[in-house]
Amino acid sequence: MAEPCARCADLDADQVDQLEVVGGSDNPCSDPYGELRRCGACGAWFCYTRDHDNEIGYVAASPTLGRLDRARAHALATKAAVVARRQLDHFEQAQDDYGRRCAADYTAELARLSEAVAALAPPASEPCVKCGHDFGKHQLRGYGQPPIEGWMVCPAEGCACYRTWSGPGGSAEGGEAAYQRYLAERDAPPSEPGPARRDGG
């Protein structure tokens with residue numbers, strides 16, 4: 001992890017506005033929990049979180065700001081990008097102004113997160129230990145709303161490389177169970193309508 005610059009070396013959580021927002025959420029109900037921030041001067045990565053106190057109106061009680069190394073920043077950006085993609089897909093179907101504004105916000109966030117994922121990915125000189133292809137190009141998939149577990153695949157043509165991941169709150173079986181549930185729903189035959197009622201109901 002690079003040494004912090006004079007701008008961000010001594011920042012505390014109350015000074016978080018001096019850092020660029022990349023994506024994610026500081027809401028403790030979200031997963032992943034943590035807002036990815038970046039120092040515009042030196043490129044250092046941070047995670048901003050807030051504990052909330054419902055007793056006094058859901059306000060921040062004790063915000064925290066921590067430095068992240070490349071691996072942890074990449075993991076947070078990757079998981080947050082899965083959530084942003086899912087939210088964008090949802091709001092793109094909206095027909096009202098609120099939905100369109102949300103879609104625009106998630107489009108911008110997804111662009112920032114995608115850029116971060118690419119910048120933080122292991123270099124091409126680090127091949128995947130399972131298949132030998134560029135590990136940084138492997139694609140993360142998630143299941144659930146928001147995803148708390150899932151799987152990773154290699155995009156190289158003909159490659160069957162596959163592994164799983166599971167975050168806090170995931171099932172005991174981890175990403176493999178999420179993958180099997182996804183396949184079951186994807187391959188399930190469409191439900192058929194029941195027999196018509198004679199009473200006209």
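Throughout, residue positions are numbered sequentially from 1 according to the sequence presented.
- Residues forming a side chain to side chain contact (heavy atoms under 4.5 Å, CB included) with Asp10 (at least two apart in sequence, or on another chain): none.
- Minimum interatomic distance between Ala13 and Tyr48 (heavy atoms only, all atoms of both residues): O-CE1, 3.9 Å.
- Under the 3.5 Å distance criterion, the side-chain polar atoms of Gln95 are matched with a main-chain donor or acceptor of Gln93.
- When every heavy atom of Asp89 is checked against every heavy atom of Arg85, the shortest pair comes out as OD1-NH2, 2.8 Å.
- Under the 4.5 Å side-chain criterion, counting only non-hydrogen atoms from C-beta, Arg163 is in contact with Cys128.
- In terms of heavy-atom proximity, Ala116 sits nearest to Val22 at CB-CG1, 4.0 Å.
- Side-chain contact between Cys159 and His133 is present, with at least one heavy-atom pair separated by less than 4.5 Å.
- Here Asp97 pairs with Arg100 in a salt bridge; the nearest charged N to carboxylate O distance falls below 4.0 Å.
- Remark: the backbone N or O of Arg67 is paired with a side-chain donor or acceptor of Arg72 at under 3.5 angstrom.
- Here the CD atom belonging to Glu92 is positioned 12.0 Å from the SG atom belonging to Cys102, to the nearest 0.5 angstrom.
- Applying the salt bridge (Lys or Arg N to Asp or Glu O under 4.0 Å) test to pairs two or more places apart or on separate chains, those with a residue in residues 12-24 are Glu20-Arg38.
- Summarising the hydrophobic clusters (Ile, Leu, Val, Met, Phe, Trp, Tyr; side-chain heavy atoms under 4.5 Å, direct or chained), the residues clustered with Leu110 are Leu88, Phe91, Tyr98, Tyr106.
- Side-chain atoms of Arg37 come within 3.5 Å of backbone N or O of Val16 as a donor-acceptor pair.
- Looking at Leu65 and Leu19, their side chains come closer than 4.5 Å, going by heavy atoms from C-beta outward.
- Around NZ of Lys137, the count of heavy atoms belonging to other residues, nucleotides or ligands within 6.0 Å does not exceed 12.
- Counting all heavy atoms, side chain and backbone alike, Thr49 lies closest to Gly34 at CG2-CA, 3.8 Å.
- Residues meeting the ring-ring contact (aromatic ring centres under 6.0 Å, His included) test with His138, sequence neighbours left out: Phe135.
- Here salt bridge (Lys or Arg N to Asp or Glu O under 4.0 Å) pairs that include residues 112-122, with residues two or more places apart or in two chains, number zero.
- Between Ala41 and Arg7, the shortest heavy-atom contact is N-NH1, 3.7 Å.
- The minimum heavy-atom distance between Leu76 and Cys47, with the atom names listed, is CD2-SG, 4.0 Å.
- Residues forming a side chain to side chain contact (heavy atoms under 4.5 Å, CB included) with Ala73 (at least two apart in sequence, or on another chain): Leu36, Trp45, Leu68, Leu120.
- Rounded to the nearest 0.5 Å, atoms OH (Tyr162) and CZ (Arg141) are 12.5 Å apart.
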